[in-house]
Amino acid sequence: MSMEGSDDNRWQSYNTVYTSAKAGMEGVDKEKVQRIVYEMSKGSKYFQNEERKESFIKYKVQNMRLHFSNLTHSDLSHYQKIADKRILELEASRDLSRIWLHVDMDAFYAAVETLSNPMLKGMPMAVGSMSMISTANYEARKFGVRSAMPGFIARKLCPELIFVPVDFKKYTHYSDLTRKVFQRYDPNFIAGSLDEAYLDITEVCRERNVKSEEIAQEIRVGVLEETGLTCSAGVAPNRLLAKVCSDINKPNGQYVLPNDRLAVMTFISSLPIRKIGGIGKVTERILKEVFGISTCEQMLDKGSYLSALFSQSTADFFYSVGLGLGKTDSPQVRFRKSISNERTFSASEDEALLHKKLAELAEMLSTDMQKEGLHGRTLTLKLKTASFEVRNRAVTLQNYINSSDDILKHASKLLKAELPVSVRLIGLRVSQFSGQKCGATPDPTQKTITNFITSGEANRKNSSFSDVTDHDFVTDTETDLSLDGRHTGQLDSRDPFDGDHSLDVNYQSSTLRKTAGAEKVRTSDNADASSNHSGCTKVLGGSTSFQGKFEGKNVNNGSNLLEDDRPNSCQEMIMLWLDDYKCSLCGAELPPSFVEERLEHSDFHFAELLQKEESSIHQASVPIQRVRSTESIDKANPRSKSCLTRRASIRPLIIFLLESSQSLRCWCSINSTYGRYY
DNA sequence: GCGGATCAC
DNA sequence: TATGGTGATCCGC
């Protein structure tokens, strides 16, 4: 398995989102698209950042694989029981009493533009700019052009491509027209973005005694008559499935999934997980590469592994996907939780210029807030550096603010602390609004059976309400407050099928930390690497010897490890980064710049070794035990001044591993804790 | 409360 | 030449 391809096939590993399946792109030569995207991108700052992110995802996958393969039979039977129980409970919550319809306009922006300029009909066209495309029509999609793709690449794919600038006023107008139609069928319909909506058509079907299929047809005809635009519809027992269904016969088509359990299970069984809202590029990769999961059905097959490696809420989400469950309630109220604006410009480190940009943003934000009468007390500054790294810096104030002066005053402080820095984007966000009491009691009538059944500890959250109705949130931006999935606010977050279930693995500590401190660490690491011409970089000096494991003998006597201050065991660990890139022990790939991640990786092997030693010494099984906190363990073992000077908190981990079980989950939770301590 | 990451459109 | 903007959520600090 070669780690790096030659220049000829490097493009294969440049994973962009542009090649994932989308309606109208079935006949596209994906390979050609990917090659061109790679050629146009390679060497750029953006590309380098993508590579950095890619390496990190690779690392995460490798790390999870390690955890995966370390699960013992006893672990697995334990987690299998948990999984079985949860799946049964979720199955019991299945609600087949509602009929949901999801409407999705076909290539909305592009269709509207064609409506106002019929000359465009039949020609490949994209709405957007050379920097970014919002929507492409179906003629353009044949060339591989699609939304979120920069225009200059799209033009390479399709030299004839016509560009039309975005015009949100126009789209909002047409969106309003469609919503008048939706209103007739469900006055409480849920408006997603400008071009999407969910309708509960249960009552209409019942009152008029017609099939959902006919209602869907009627709505689509109504939209066409009202706007001249086509749309697609999906009908299913819940919103999650309805959304999937609206994509099936796109464009200008519809698909009905009956309210029947067997039909749902059959439908879901072969469905690729990427079709599910909330499972994006990264989650798809992890599930595929770590667990071999690519269809929804496999979520249930691998239940024990999912329980072992993910948080309960995330595992629940995965199970619900496997069961074809989704939300069926109609939330009546929503409220905004934050308001923001951000602008991209040519990268600069000119302090005066940056301050000017900041002042403009503060002015705009203040205007927006005053329009809605909002006052907030948390201000977040967002920076994207010239190398595309994103930083957020926040401050929470005593008072609620919304004047541009107040915003600018505090934003300036946040910015000053980051200087000097070359940035290409500045953003400002205000949250924690006044008049929105956190912890308000939710409306009990909103509590669905699912909520009731699953409102266990892990799902309990504060809910807050405002008296803003759905439609008050329609703005003239591209994305309204979406009600789809994660965007439903806290009301829905009590539902386990909701929320952002992306990658909240238990050891999420392995995150990129690009703080000033980390930069310094990296600098010194680079210095080390440059002084080492062998092509290998040794890591984790100042840790316990790791050599024994690979020579088939124990390094330490596990039983006296606790008592031993081990002043002499601080030998350099024999772990190499082959070609300064690949772990010599497990093959995990991690570039030199990932200083902290490398250290953490080394620690993992270290702990793994201890674990193995321990299990060979103490064969007896020990009950699984949760660690309360590193602090409590520290207190329990005040004397252990180990030589692990790099981070003091690895000690509790070792103690824990020696004292208790080989429970992977416990190890994960500690790993995520100590990983942050430096 | 803060910061990073992920996701959707 | 050149890779967006807005909003939300989760998790572990």
Side-chain angles (χ1 to χ4, degrees), chain A residues 16-18 37 40-41 44-47 49-50 53 56-57 60 104-105 108-109 128-135 147-155 166 168 192-196 243 276-284 286 310-311 313-314 317 334 336-344 346 368 377-378 380-382 384 388-396 424-425 427 429 431-432 461 473 475 477-490 492-493 498-515 629-630 669 671-677:
Chain A
T16 68
V17 293
Y18 312 132
V37 170
M40 297 294 288
S41 300
S44 67
K45 292 271 174 59
Y46 174 84
F47 180 84
N49 189 249
E50 289 300 302
K53 281 156 57 180
F56 187 59
I57 293 172
K60 278 201 282 197
D104 198 331
M105 302 300 294
F108 185 51
Y109 297 175
S129 69
M130 275 307 165
S131 293
M132 187 55 59
I133 285 173
S134 290
T135 310
S147 58
M149 178 181 276
F152 69 92
I153 292 181
R155 196 176 53 183
V166 290
F168 283 116
S193 55
L194 289 180
D195 71 331
E196 271 185 55
K243 169 115 171 109
I276 302 292
I279 297 184
K281 182 185 132 187
V282 176
T283 309
E284 178 191 34
I286 287 188
F310 293 96
S311 69
S313 71
T314 302
F317 171 68
R334 285 184 294 159
R336 180 198 276 286
K337 293 191 178 60
S338 71
I339 186 167
S340 69
N341 55 15
E342 63 189 56
R343 286 294 177 273
T344 294
S346 54
D368 289 349
R377 55 191 284 260
T378 297
T380 306
L381 171 74
K382 174 178 173 181
K384 192 187 281 178
F388 285 85
E389 288 172 22
V390 176
R391 292 184 201 170
N392 288 290
R393 297 293 177 262
V395 61
T396 298
R424 70 192 320 281
L425 171 147
R429 172 184 307 269
S431 50
Q432 293 253 36
K461 292 209 165 59
F473 274 93
T475 70
T477 60
E478 178 183 351
T479 36
D480 304 338
L481 273 196
S482 166
L483 259 188
D484 174 40
R486 80 195 67 254
H487 296 171
T488 50
Q490 294 197 4
D492 288 338
S493 74
D498 200 21
D500 186 348
H501 297 281
S502 49
L503 276 190
D504 48 340
V505 291
N506 287 335
Y507 41 91
Q508 203 180 13
S509 73
S510 317
T511 50
L512 285 172
R513 291 181 292 275
K514 299 299 172 192
T515 61
S629 72
T630 50
S669 76
N671 188 18
S672 64
T673 299
Y674 86 85
R676 294 270 188 183
Y677 287 25

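Residue numbering restarts at 1 for every chain, and letters A, B, ... go by the order of the sequence lines. Below, each value reflects all heavy atoms present in this structure, side chains not excepted, and no hydrogens, waters or symmetry copies.
- Taking 4.0 angstrom as the limit, A/Thr378 places none of its side-chain polar atoms (N or O) nearer than this to OP1 or OP2 of B/dG1.
- Taking atom CG of residue A/Leu381 and atom P of nucleotide B/dG1, one finds them 19 Å apart after rounding to whole Å.
- The side chain of A/Ser311 lies closest to C/dC11, out of B/dC2, C/dG7, C/dC11.
- In this structure, A/Lys281 does not reach the B/dA8 phosphate: none of its side-chain N or O atoms is under 4.0 Å from OP1 or OP2.
- When each of A/Asn392 and A/Arg377 is assigned the nucleotide of DNA chain B with its nearest heavy atom, A/Arg377 is the one assigned upstream, toward the 5' end.
- A/Ser41 contributes a side-chain N or O that, together with a main-chain N or O of A/Val37, makes up a donor-acceptor pair within less than 3.5 Å.
- For the pair A/Ser340 and C/dG7, the criterion of a side-chain N or O lying under 4.0 Å from OP1 or OP2 is met.
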A/Thr378 vs A/Thr396, side-chain hydrogen bond (donor to acceptor under 3.5 Å, both in side chains): CA-CA, chis, key distance, verdict: CA-CA 4 Å; A/Thr378 297; A/Thr396 298; 3.0 Å; yes
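- Residue A/Lys45 is out of contact with every strand shown, counting any heavy-atom pair closer than 4.0 Å.
- With distances taken from any side-chain atom of A/Lys337 to the nucleotides B/dT6, C/dC11, C/dA8, the minimum falls on C/dA8.
- C/dG12 atom P lies 13 Å from atom CZ of A/Phe310, rounded to whole Å.
- For the OP1/OP2 pair of B/dG4 and a distance below 4.0 Å, the side-chain nitrogens and oxygens of A/Arg393 include at least one atom meeting the criterion.
- Between A/Arg334 and C/dG7 there is no side-chain polar atom (N or O) within less than 4.0 angstrom of OP1 or OP2.
- Sequence order on DNA chain C of the closest nucleotides to A/Arg155 and A/Glu342 puts A/Arg155 first from the 5' end.
- Taking side-chain N and O atoms only, A/Ser134 has no distance below 4.0 Å to OP1 or OP2 of C/dG4.
- Nucleic acid contact for A/Arg429: base, since at least one base atom lies under 4.0 Å from a heavy atom of the residue.
- Rounded to whole angstrom, the span from the CD1 atom of A/Ile133 across to the C1' atom of C/dA2 amounts to 12 Å.
- Counting only heavy atoms from C-beta on, A/Ser313 has its side chain closest to C/dC10 among C/dC10, B/dG4, C/dG7.
- Neither OP1 nor OP2 of C/dT6 sits under 4.0 Å from any side-chain N or O of A/Ser338.
- A/Tyr18 and A/Ala148 get closest at one heavy-atom pair: CE2-O, 3.1 Å.
- Atom-to-atom, NZ of A/Lys382 to P of C/dG4 comes out at 10 Å; the value is rounded to the nearest Å.
- Ion pairing of A/Glu342 with A/Lys384 is absent here, as no side-chain N (NZ or NE/NH1/NH2) approaches a carboxylate O to less than 4.0 Å.
- Checking B/dC9, C/dG5, C/dA2 against every side-chain atom of A/Leu425, the shortest atom distance belongs to C/dG5.
- Here B/dA5 presents its P atom at 13 Å from NZ of A/Lys384, a figure rounded to the nearest Å.
- Here the nucleotide nearest the side chain of A/Phe152, chosen from B/dT6, C/dA2, C/dC10, is C/dA2.
- Among the heavy atoms of the strands lying under 4.0 Å from A/Tyr18 is at least one base atom, whether or not backbone atoms are also near.
- OP1 and OP2 of B/dA8 both lie 4.0 Å or more from every side-chain N or O belonging to A/Lys243.
- Checked against C/dG4, C/dG7, C/dT6, the side chain of A/Arg343 finds its nearest nucleotide in C/dT6.
- Residue contacts shown for A/Ile339 are limited to sugar-phosphate atoms, with no base heavy atom under 4.0 Å away.
- At whole-Å resolution of the value, CE in A/Met132 and C1' in C/dT6 are 14 Å apart.
- Note on A/Ser129: nothing from the nucleic acid sits closer than 4.0 angstrom, heavy atoms only.
- Rounded to whole Å, atom C1' of B/dA8 lies 19 Å from atom CE of A/Met105.
- Taking every heavy atom of both residues into account, A/Lys337 and A/Ser431 meet most closely at O-CB, 3.4 Å.
- Remark: A/Lys60 is in phosphate contact with B/dT6, judged by side-chain N or O atoms under 4.0 Å from OP1 or OP2.
- Note: A/Lys382 NZ to A/Arg343 CZ = 12.0 Å, rounded to the nearest 0.5 Å.
- Checking the phosphate oxygens (OP1, OP2) of B/dC9, no side-chain nitrogen or oxygen of A/Ser147 falls inside 4.0 Å.
- Under the rule for a side-chain hydrogen bond (donor to acceptor under 3.5 Å, both in side chains), A/Ser131 has no partner lying at least two apart in sequence or in another chain.
- Look at CD1 on A/Ile153: it is 13 Å from P on C/dT1, rounded to the nearest Å.
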